[in-house]
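Here you go, one structure.
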Amino acid sequence: MDKPKSEKTITIKINGKDRPFQEKKEEMQEKAWDPRQMDRQKKQEQTEFFATIQTAAGKEADDSFDWILPEEAEDADIKEYKKAAPPKSPAKNGLSTLAKKFQGRNKQGFLTSIFLAVFFAVLLGTSFGFIMLKLVFTDQAAETVAPPINETPAASNQQTPAAAAVETLTAYVVQGGVFSNSEAAQQIQEANSQKGVYSQSINIGEQTFLFLGVSGSLDQAKEIGADLKSKGIDVFAKEVAFEGKALEGLNADEKKLAENAPAFYQSLSEGAASASLGSSITPEAAEEIKNHSKAVNDLPADQIKNKSLISIREELLDASKQIDTYQQAGDSASAGKIQEHLLAFLAAYQTLLQSDGQ
């Protein structure tokens, strides 16, 4: 009968014969009631067993000795067990748990940091809002209280360049000739000077004109020409137009002078004709000359930068002074000086128009 698998047998082969050694559990259980006796008996059996082995080994050296150990159970019967970890208890995220967590973190200053961050964020946002609101109200106030635009005229000494609309100047002159070059005109001018007559050469276009006197009308110019012819000078009366134009690059004072110069000249030319013919100057003409002279004198001389306008201003004021002298003395020398200054004025005026005010 087969042995149960639970029982293990040690078989020793001596001289080719099996010597089983087996300790049955039943016998062990029967002998278990006296431990001391069981131990003595067990020791005795083991002693006899090993003595038998030694005796048999001494008898025959050639005898074979085999150990037959109990067969190991197949690997399939042995199961490997792993220690299972105890299941984790489900996390409880109730209000009490959250409260405990926050209490624990609050000990480390967590809630204090959050409170300070929120506080300063609100404070910064509020301050920024007030600043922006103040800027908006300031801009609106600036637009509301904006000063009115000053529309008053510019001061007389304003240096802003302005265009001067110069009117056409009509002059009635006593002409001594027209020349193709300035050298020929200069020769005649020197000859007239030897006779005691002043003359002025003026370039108009490509020609040079020689003028000996001015007048307020063509008839008066003819009368002056007749007197000059009696001195052996060949002359004739004519009307000359100096075309007006817009002059650029003038300041406010220069603009006023350029615009008022033609009217001032007209009043002076009438007084010059009366003086050249030996007549008295009418009170109306004298008053008009006085008013024009005051207007030009009121313009600051240091603001007149244009060279042609500087000459125009000087010649007009000097002619006005000679009118006053003639009214007081009534001599022919003063009358001749008036003509000289007005002829010089025409030359400077022509130069101003040719230079386009620059």
Side-chain angles (χ1 to χ4, degrees), residues 152-158 162-173 213-221 224 239-247 250-306 308-331 333-350 352-353 357:
T152 57
S156 61
N157 59 350
Q158 185 178 358
V166 180
E167 297 179 357
T168 299
L169 187 150
T170 302
Y172 300 98
V173 300
V214 299
S215 174
S217 66
L218 186 58
D219 293 337
Q220 289 177 330
I224 296 172
E239 177 182 331
V240 179
F242 295 86
E243 298 292 336
K245 63 189 300 184
L247 300 178
L250 301 180
N251 60 43
D253 295 320
E254 292 174 337
K255 180 175 179 289
K256 287 182 180 180
L257 178 59
E259 291 174 348
N260 295 331
F264 194 6
Y265 166 81
Q266 293 295 343
S267 61
L268 287 171
S269 63
E270 292 178 6
S274 299
S276 296
L277 297 173
S279 304
S280 62
I281 299 174
T282 62
E284 293 80 10
E287 184 66 23
E288 188 175 354
I289 291 171
K290 183 178 179 180
N291 293 335
H292 284 299
S293 178
K294 182 178 184 304
V296 172
N297 263 319
D298 289 342
L299 296 175
D302 59 345
Q303 295 300 319
I304 308 301
K305 308 295 184 181
N306 186 284
S308 297
L309 286 173
I310 291 174
S311 298
I312 287 173
R313 181 179 183 275
E314 291 177 353
E315 300 300 339
L316 289 175
L317 292 176
D318 288 342
S320 177
K321 291 177 182 178
Q322 292 301 324
I323 291 288
D324 293 338
T325 302
Y326 176 80
Q327 285 180 316
Q328 295 173 4
D331 58 342
S334 298
K337 291 292 184 181
I338 297 172
Q339 290 290 347
E340 289 180 15
H341 289 303
L342 293 182
L343 288 172
F345 163 80
L346 290 178
Y349 194 79
Q350 177 63 17
L352 176 66
L353 295 177

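Please read all numbers here as calculations on a predicted model, not as lab measurements. Quick note: residue numbers are just sequence positions, from 1.
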Are Gln327 and Asp324 packed together at the side-chain level, in the sense that at least one heavy-atom pair is separated by less than 4.5 angstrom?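 Yes, close enough: below the 4.5 Å cut-off.
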Any donor-acceptor pair under 3.5 Å from Glu254 side chain to Lys305 backbone: yes
Go through the steps for Val173 and Leu346 under the test side chain to side chain contact (heavy atoms under 4.5 Å, CB included), then give the verdict. CA-CA 10 Å; Val173 300; Leu346 290 178; 4.2 Å; yes
Would you say the side chain of Phe242 lies within less than 4.5 Å of the side chain of Pro262, judging by non-hydrogen atoms?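 Of all side-chain heavy-atom pairs linking Phe242 with Pro262, none is under 4.5 Å.
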Approximate separation, where rounding is to 0.5 Å, of Leu257 CG and Gln303 CD: 12.5 Å
Please give me the minimum heavy-atom distance between Ile338 and Ala272, naming the atom from each residue.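 Nearest pair, atom of Ile338 first, then Ala272: CG2-CB, 3.3 Å.
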Any Ser293 side-chain heavy atom under 4.5 Å of Phe264 side chain: yes
In Å and rounded to the nearest 0.5 Å, what is the CD1 to CG distance from Ile304 to Leu299? 5.5 Å
Would you give the length of the straight line joining atom CZ of Arg313 to atom OG of Ser311, rounded to the nearest 0.5 angstrom? 11.5 Å
What heavy-atom pair brings Gly213 and Leu343 nearest, and what distance separates the two atoms?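 Taking Gly213 first and Leu343 second, the nearest heavy atoms are N-CD1, 3.9 Å.
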Atom CG in Leu268, atom CD in Glu315: separation rounded to 0.5 Å?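 Between atom CG of Leu268 and atom CD of Glu315 there are 11.0 Å.
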Side chain to side chain contact (heavy atoms under 4.5 Å, CB included) between Phe345 and Ile312, intermediate numbers included: CA-CA 5 Å; Phe345 163 80; Ile312 287 173; 3.4 Å; yes
Of the non-hydrogen atoms in Ala258 and Leu250, which two are nearest, and what is the gap between them?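 Shortest heavy-atom contact: CB-CD1, 4.3 Å.
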Glu167 side chain vs Glu259 backbone, donor-acceptor pair below 3.5 Å: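 Absent.
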Might you work through the side-chain hydrogen bond (donor to acceptor under 3.5 Å, both in side chains) test for Glu288 and Ser267, ending with a clear yes or no? CA-CA 7 Å; Glu288 188 175 354; Ser267 61; 4.8 Å; no
Under the side chain to side chain contact (heavy atoms under 4.5 Å, CB included) criterion, do Val214 and Gln339 qualify, and how do the steps go? CA-CA 7 Å; Val214 299; Gln339 290 290 347; 3.3 Å; yes
To the nearest 0.5 Å, atom CG of Leu352 lies from atom NZ of Lys245 at 8.5 Å
Can a donor-acceptor pair be found, under 3.5 Å and without considering hydrogens, that links the side chain of Gln266 to the backbone of Thr170? yes
Shortest non-hydrogen contact between Tyr172 and Leu218, atoms and distance: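 Minimum heavy-atom contact is CD2-N, 3.6 Å.
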Roughly how far apart are Glu340 CD and Asp318 CG, rounded to 0.5 Å?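 The distance works out to 11.0 Å.
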Closest heavy-atom contact between Gly216 and Glu270? CA-CG, 3.9 Å
Taking all heavy atoms of Pro300 and all of Asp253, pick out the closest pair and write down the distance.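 So the two residues come closest at CG-OD2, 3.5 Å.
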Whether the side chain of Ser334 engages the backbone of Gly330 through a donor-acceptor N/O pair (distance < 3.5 Å, no angle test) should be reported.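 Not at all, since once roles are kept as given, no pair shorter than 3.5 Å links the two residues.
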